[in-house]
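Notes to accompany the following structure.
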Amino acid sequence: MTPKRLGLFLLTLLAIFVAGSSLLNSWKEPQFQSRLELYQTNIVLEASQWQISDGKDNDFQAAKEAIIGEKPLETATKQYQEARKSAEINLEKARKQLANLSSEPVTTPTTPKPQPEIPPATNTSRSIQQKQLQKTIEQLQKSIAEIDLRLGILQAQQKQTDTALKTWQQLQQNSQIKPELRETATALSGMWSSPPRLLPNAQQLIQDNLDGWFRYTALTQLYQLQQRQEALANLKTAQQEAAEQAFVKLAIIGTIPALGAFVGVGLLIFLIGQRVVKGKASLLGQNADTGWSVPWDGETILQVFVVGFFFMGQVLIPIILSLLPIPRPAQNLRLQAFYVFLSYILVASGAISVLYLSIKRFLPLDSGWFRLSLRGKWFLWGFGGYCAALPVVVVVSLINQQIWQGQGGSNPLLQLALESQDSLALGIFFLTAAIAAPLFEEFLFRGFLLPSLTRYMSVWWAIIASSFLFAIAHLSLSEVLPLFALGIVLGVVYTRSRNLLASMLLHSLWNSGTLLSLFILGSGSN
């Protein structure tokens, strides 16, 4: 074995180990989808308070019920109860892991040695794990407390006052959460008690620790008890404005994807039916069995992904970034967005450079390689693929939710995008996810990997294998199945159209739709 092949073999083993460890570690992290659902639930509750004027009652009432649902309070209560149950399960797991870690014996040398200046690596690793678990426990405790505050309000609004008081009473007795959350529970409990007991700082506690529908509902109860009619009228006006805005947001979030999914279902039925009737003469049969002329072997494929994608992305680029004088304060969202963008551009540039150097001796390639042409039906393939991907990925995501039950981690960019209300930061996030990511990932996974695999397998198996690696590369267990399904659609679109612009358009539309939903949901959280 040559030194080059030995190095590539060792790097491959390292890549498998790091990717496997990252996937296993993501299993312990909460899934982003659970929090996203609560954000949407809060907007539904807010929109449910929109009172349509009498002249428009018949025209819009049906649309309102279709978007919001017939029983928003009951639906929201159920979702908050499920979120609490999931958080409790995760909290118990984290506590057991911390207890097991604390009870493990510390290995010490049998022969006495001088005390080292740096603690043993095992102890350092254990200390880091303990701190991470303790932080996770604190976050889950806070999350459960915040859920209970809101769950009590939902119960009180459904005339389940005794249940609500019991929910808040448990919070008041919980010494492990922050005092302001306990005080807020006390304030809410007093407001719904009989007779009511009002804390002097109740209004401030509500404004600091509640938002959206929950804040409006609690303040309404407070102002009614205080008989502050002017404040109540102003609050009612503000609530109606917020409710109308929330309804528009829900319409955008729900209607556009729903229409796309409806078109997608029809398109899938048509394409599958055409495939059954016409066979290879159908659109899905086009280029279905036609591979590429691949001049390089598996070693080149491995080199591009292990050196270009893994080594650049997981080792070299992080080291370079750590040496750059770029401050990365946790609260500065613009710097976080810029850092994410810079990291992505450097990783993409490194991978493309390795790809070019690896295949340089095989140039020029056949015209079918890395084809980017404005001619042909690439736009229809890209847009149609996006519509077809919507119902496919939604169904797979529902199954995926049942498998992971709120665990499995998520892309950290999603959380940043959800909480971002800075226009410049949003622009940078969009540039990263909706432009840079589709260009780079499609060039690498569909432009290079998928065609290269057709040297060793059929086109369909190449689509499946490249889609699996595409999903694994995102290093989150909860995202593997949905991204695998999306990768399949991307692969089909590319192999049939033989134009990277088609799959790039599909990928960009998908990421843009996701970001748009996150931006809208995040804007309704305050």
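Counting begins at 1 with the first residue of the sequence.
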Atom of [X], atom of [Y] and distance for their closest heavy-atom approach:
X    : Y    : result
A388 : P391 : O-CD, 3.3 Å
F430 : L515 : CA-CD1, 3.7 Å
A465 : L453 : CB-CD1, 3.8 Å
T41  : A76  : CG2-CB, 3.5 Å
L490 : S503 : CD2-O, 3.4 Å
L365 : P295 : CD2-CG, 4.2 Å

With heavy-atom distances below 4.5 Å as the criterion, would you say the side chains of [X] and [Y] are in contact?
X    : Y    : value
L374 : F379 : no
F448 : I359 : yes
I137 : R95  : yes
V392 : L268 : yes
W461 : I464 : yes
T495 : W292 : yes
L500 : W378 : no
V304 : L444 : yes

Residues L14, F310; criterion side chain to side chain contact (heavy atoms under 4.5 Å, CB included); working and verdict: CA-CA 9 Å; L14 181 61; F310 164 75; 4.0 Å; yes
Is it the case that the side chains of [Y] and [X] hold a donor-acceptor pair, with the cut-off being a distance below 3.5 Å and no angle test?
X    : Y    : value
W296 : S452 : yes
H474 : E479 : no
N42  : Y80  : yes

Donor-acceptor pair, [X] side chain versus [Y] backbone, under 3.5 Å?
X    : Y    : value
N287 : R496 : yes
S466 : L450 : no
S508 : M504 : no
Y456 : G298 : yes

Can you tell me how far apart CG (L486) and CG (L506) are? Round to the nearest 0.5 Å.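 Here the interatomic distance stands at 6.5 Å.
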V492 vs W460, test: side chain to side chain contact (heavy atoms under 4.5 Å, CB included). Steps then yes/no. CA-CA 8 Å; V492 170; W460 260 113; 3.7 Å; yes
Tell me whether R498 forms a cation-pi arrangement with W381, defined as NZ or CZ under 6.0 Å from the six-membered ring centre and within 45 degrees of its axis.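 Verdict for W381: no cation-pi partner in R498.
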Take atom CZ of F262 as the centre, draw a 6.0 Å sphere, and report whether it contains more than 12 heavy atoms from other residues, nucleotides or ligands. no
Could you tell me which residues satisfy salt bridge (charged side-chain N to carboxylate O under 4.0 Å, His left out) with K96, sequence neighbours excluded, listed by chain and number? none
Could you list the residues that satisfy salt bridge (charged side-chain N to carboxylate O under 4.0 Å, His left out) with E88, not counting sequence neighbours?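 E88 satisfies salt bridge (charged side-chain N to carboxylate O under 4.0 Å, His left out) with R84 once adjacent residues are dropped.
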Walk me through whether K249 and I252 qualify under side chain to side chain contact (heavy atoms under 4.5 Å, CB included). CA-CA 5 Å; K249 292 172 184 176; I252 295 173; 5.8 Å; no
Apply side chain to side chain contact (heavy atoms under 4.5 Å, CB included) to the pair E138 and Q134, showing each step before the final yes or no. CA-CA 6 Å; E138 292 172 359; Q134 188 60 49; 3.8 Å; yes
Does any pair with a residue in residues 342-370 pass side-chain hydrogen bond (donor to acceptor under 3.5 Å, both in side chains), and if so which ones, sequence neighbours excluded? Q303-S358, Y344-E441
If the condition is side chain to side chain contact (heavy atoms under 4.5 Å, CB included), which residues does E299 pass it with, not counting sequence neighbours?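 Applying side chain to side chain contact (heavy atoms under 4.5 Å, CB included) to E299 gives K4, R5, L8, D297.
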Which residues share a ring-ring contact (aromatic ring centres under 6.0 Å, His included) with F445, sequence neighbours left out: F305, F309, F470
In short, salt bridge (charged side-chain N to carboxylate O under 4.0 Å, His left out) pairs touching residues 257-284 with sequence neighbours left out are K280-D289
